[in-house]
Amino acid sequence: MKQLQKANIDEFKAHFRGNVLLSGDAGYDEARQIWNAMIDRRPGLIARCASSEDVVQAVKFARKHDLLVSIRGGGHNIAGNAVCDDGLMIDLSLMKGIKVDSSARRATVEPGCTLADFDGAAQAHGLATPLGINSTTGVAGLTLGAGFGWLSRKYGMTIDNLLSADVVTADGSQVHASETENADLFWGLRGGGGNFGIVTSFEFRLHPVGPGVLSGLIVFPFDQAKSVLTQFARFTETMPDDLNVWMVTRKAPPLPFLPENVHGKEVVVLALCYAGDPTQGEKLIEPLRRFGTAHGEHVGVQPYTAWQQAFDPLLTRGARNYWKSHNFSRLSDGAIDTIIEYAGKLPSPQCEIFIGTIGGQTTRVAPEAMAYSSRDANYVLNVHGRWESAAEDGRCIAWAREFFAKSKPFASGGAYINFLTQDETDRIAFAYGATYNRLVALKKKYDPTNLFRMNQNIKPV
Ligand SMILES: Cc1cc2nc3c(=O)[nH]c(=O)nc-3n(C[C@H](O)[C@H](O)[C@H](O)COP(=O)(O)OP(=O)(O)OC[C@H]3O[C@@H](n4cnc5c(N)ncnc54)[C@H](O)[C@@H]3O)c2cc1C
């Protein structure tokens, strides 16, 4: 880090309501740790903001002293851009305010909120908006990268439900962005990641959901994978928007509804959620049970908030993670065969290949309506490399890369920016596709010096 004088730091602290942490301070090491244990960086300063005014102070301080800036929301992003070496980490995780206006079906959410925080507050009124499937993820990063989950087929991407945002821009101004105010910035925020400013408040549309939703898992033996995946591919092409079914293939965790001799063996898991009347849903999910002879299932009506947390035990922080992702408009035989081949040689017990099904409402928005343009993506495939020790890095990363390369010919183009690793800077233009040039122009307008560059960076040139 550029050598800052103690006096500079003291002056910054004097105008800052939250905490400023330096190496050696209590809480510094905890604050610099994020979900992916492969990222181990040491910021020169961590500014734990308590308010939007703190964010303004932090941005001005970084500009004045020419500091590298990273922005942390929930700290989940796989690429690890939430933390920088040396520079200033602007940590928003203490900003956790949420207001739900149940009669207007709107929520304002601060950028330190996790999905669990948001789901919990909205479900207190029987409401929700589409978010991801792991409740410890940050609302901020998820939303800015586009966001999808169980409700997306019915209600769209998370950004399709974003109504407005308060933003601190690179020059330290506070602006409001919506369809009618700073509409170009609002366009860019919806998928453009952290490139255009720091969002200090998000306003979302909410929908009636649950509180009980028909949801759960059906687990099939791996030797039935070809038949189960082929039927899954065709079934998901025509299922109604209320229903969502994802596929995960991995080694079976010790789930109580599975026979003990299946634990640790490769399995194919269908995870489902029906966002309408459970009685209707029961009829619709019946064919899934006949995709093969299941090892077991755990399906029933449970609180939406519980289902939103169902995968948390498998996705705890502290493991080493490396991801690769493709979009698919259709799952062809070639894609299915490649998935089965690589699921048959998982390099660690925690590695998995999953297909997140989107489609439905997510595809009914024009590709150039927002920064996120992959409106032809019906499936987002993620190869989730996950393991415990650095000694396994080479083997697990090689497996993920090899699978990614082999499955590429079957992909439909574009990529989900929130699933890119730090070594995929060459895929950013490809990920945005049709909207990339407009994003570059917008970056030039809102952040010409590229202050916000610790992200899937859109360069202002
Ligand atoms: C286990 C797991 C499961 C996931 N499941 C899903 C899923 O189901 N659906 C889905 O869509 N995604 C999913 N994701 C991906 C997730 O959306 C991204 O990792 C997202 O970036 C996480 O946001 P965060 O705030 O937690 O991350 P952070 O690492 O804190 O932030 C990510 C980046 O976003 C930017 N950023 C964060 N906050 C702000 C802000 N307030 N203003 C400006 N820029 C900001 C910064 O550039 C930062 O580097 C999952 C990730 C994990 C690890």
Side-chain angles (χ1 to χ4, degrees), residues 30 33-37 72-78 82 92-100 107-155 157-159 161-162 202 204 206-207 209-217 244-246 248 250 253 255 269 271-275 298-319 321 323 350 352 354 356-358 380 382 384 386 416 418-419:
E30 200 190 337
Q33 275 160 21
I34 56 169
W35 185 80
N36 185 0
R72 184 205 154 113
H76 254 242
N77 196 278
I78 192 73
L92 307 165
S93 60
L94 301 180
M95 294 175 64
K96 278 185 166 288
I98 301 186
K99 280 193 207 125
V100 176
T108 46
V109 181
E110 285 193 331
C113 292
T114 61
L115 309 195
D117 297 328
F118 186 7
D119 279 332
Q123 276 289 282
H125 304 273
L127 300 169
T129 211
L131 298 170
I133 59 119
N134 173 215
S135 80
T136 56
T137 308
V139 171
L142 177 126
T143 303
L144 293 167
F148 64 87
W150 300 115
L151 302 179
S152 288
R153 291 179 48 76
K154 185 167 185 176
Y155 295 123
M157 304 293 287
T158 307
I159 46 171
N161 296 281
L162 185 67
F202 297 87
F204 291 101
L206 301 173
H207 308 272
V209 173
V213 288
L214 178 68
S215 49
L217 309 175
N244 205 341
V245 187
W246 290 23
V248 187
R250 65 179 337 273
L255 296 167
V269 182
L272 64 98
C273 178
Y274 186 74
H298 186 72
V299 176
V301 178
Q302 59 180 316
Y304 174 70
T305 48
W307 177 238
Q308 281 288 85
Q309 295 173 24
F311 292 87
D312 290 2
L314 293 177
L315 298 169
T316 48
R317 61 190 277 174
N321 290 268
W323 294 7
Q350 299 186 56
E352 61 186 24
F354 87 74
T357 308
I358 46 176
V380 181
N382 194 12
H384 181 179
R386 182 177 162 98
Y416 184 42
N418 267 340
F419 285 175

message: Test your reading of the model: is there a side-chain donor-acceptor pair from N321 to the backbone of N36, 3.5 Å cut-off?
response: no
- prompt: Any side-chain heavy atom of L162 sitting closer than 4.5 Å to one from F204?
  reply: yes
task: If the plane angle is over 60° it's perpendicular, under 30° parallel, otherwise tilted; pick one for F311 and W307.
output: perpendicular
Side-chain heavy atoms of E352 within contact of V269, under 4.5 Å: no
- request: Using a 4.5 Å cut-off on heavy atoms from C-beta on, say whether the side chain of F202 contacts that of L144.
  value: yes
Minimal non-hydrogen separation, S93 against G73, with atom names: CB-O, 3.7 Å
task: Find out whether R250 and L314 are in side-chain contact, i.e. whether some heavy atom of one side chain is under 4.5 Å from a heavy atom of the other.
output: yes
message: Tell me if a side-chain donor or acceptor on Q350 pairs with a main-chain N or O of H384 at a distance below 3.5 Å.
response: no
task: To the nearest 0.5 Å, tell me how far C273 SG sits from Y304 OH.
output: 7.0 Å
field: Side-chain donor or acceptor of N382 paired with backbone N/O of V380 under 3.5 Å
entry: no
- line: Taken to the nearest 0.5 Å, the spacing of Q309 CD from L315 CG works out to 12.5 Å
message: Classify the ring geometry of W323 against W35: parallel below 30°, tilted from 30° to 60°, perpendicular beyond 60°.
response: perpendicular
- request: Report the residues that fulfil side-chain contact (heavy atoms from CB on, under 4.5 Å) with L255, sequence neighbours left out, ordered by chain and then residue number.
  value: L217, P253, F257, L258
- line: Nearest heavy-atom approach of Q302 to G216 is NE2-N, 4.4 Å
- prompt: Nearest 0.5 Å, what's the CH2-CD1 distance between W246 and I358?
  reply: 8.5 Å
- request: Identify the two heavy atoms, one from T316 and one from R386, that lie closest to each other, and give their separation to 0.1 Å.
  value: O-NH2, 3.0 Å
task: Look only at the side chain of T357 and the backbone of V245, and say whether a donor-acceptor pair between them is shorter than 3.5 Å.
output: yes
field: Pairs satisfying side chain to side chain donor-acceptor pair (under 3.5 Å), at least one member in residues 140-155, at least two apart
entry: K154-D242
query: Which atoms form the tightest heavy-atom contact between L206 and A122, and what is the distance?
result: CD2-CB, 4.2 Å
Please tabulate, for the side chains in residues 126-140, all donor-acceptor contacts under 3.5 angstrom to protein atoms that are two or more places apart in sequence or on a different chain.
from : atom 1 : to   : atom 2 : distance (Å)
T129 : OG1    : R205 : O      : 2.8
N134 : OD1    : T136 : OG1    : 3.4
N134 : ND2    : D312 : OD1    : 2.7
S135 : OG     : D312 : OD2    : 2.5
T136 : OG1    : H76  : NE2    : 3.0
T137 : OG1    : H76  : ND1    : 3.4
T137 : OG1    : N134 : O      : 2.8

- request: Answer yes or no: is there a donor N or O on one side and an acceptor on the other, between the side chain of R317 and the main chain of Q33, under 3.5 Å?
  value: yes
query: Of all heavy-atom pairs between L142 and N418, which one has the smallest distance, and what is that distance?
result: O-ND2, 3.2 Å
task: For residues C113 and I98, report the shortest heavy-atom separation together with the two atoms involved.
output: SG-CG1, 3.4 Å
- prompt: Between D117 and T114, is there a donor-acceptor pair closer than 3.5 Å when you use the side chain of the first and the backbone of the second?
  reply: yes
message: More than 12 heavy atoms of other residues, nucleotides or ligands under 6.0 Å from NE2 of H298: yes or no?
response: no
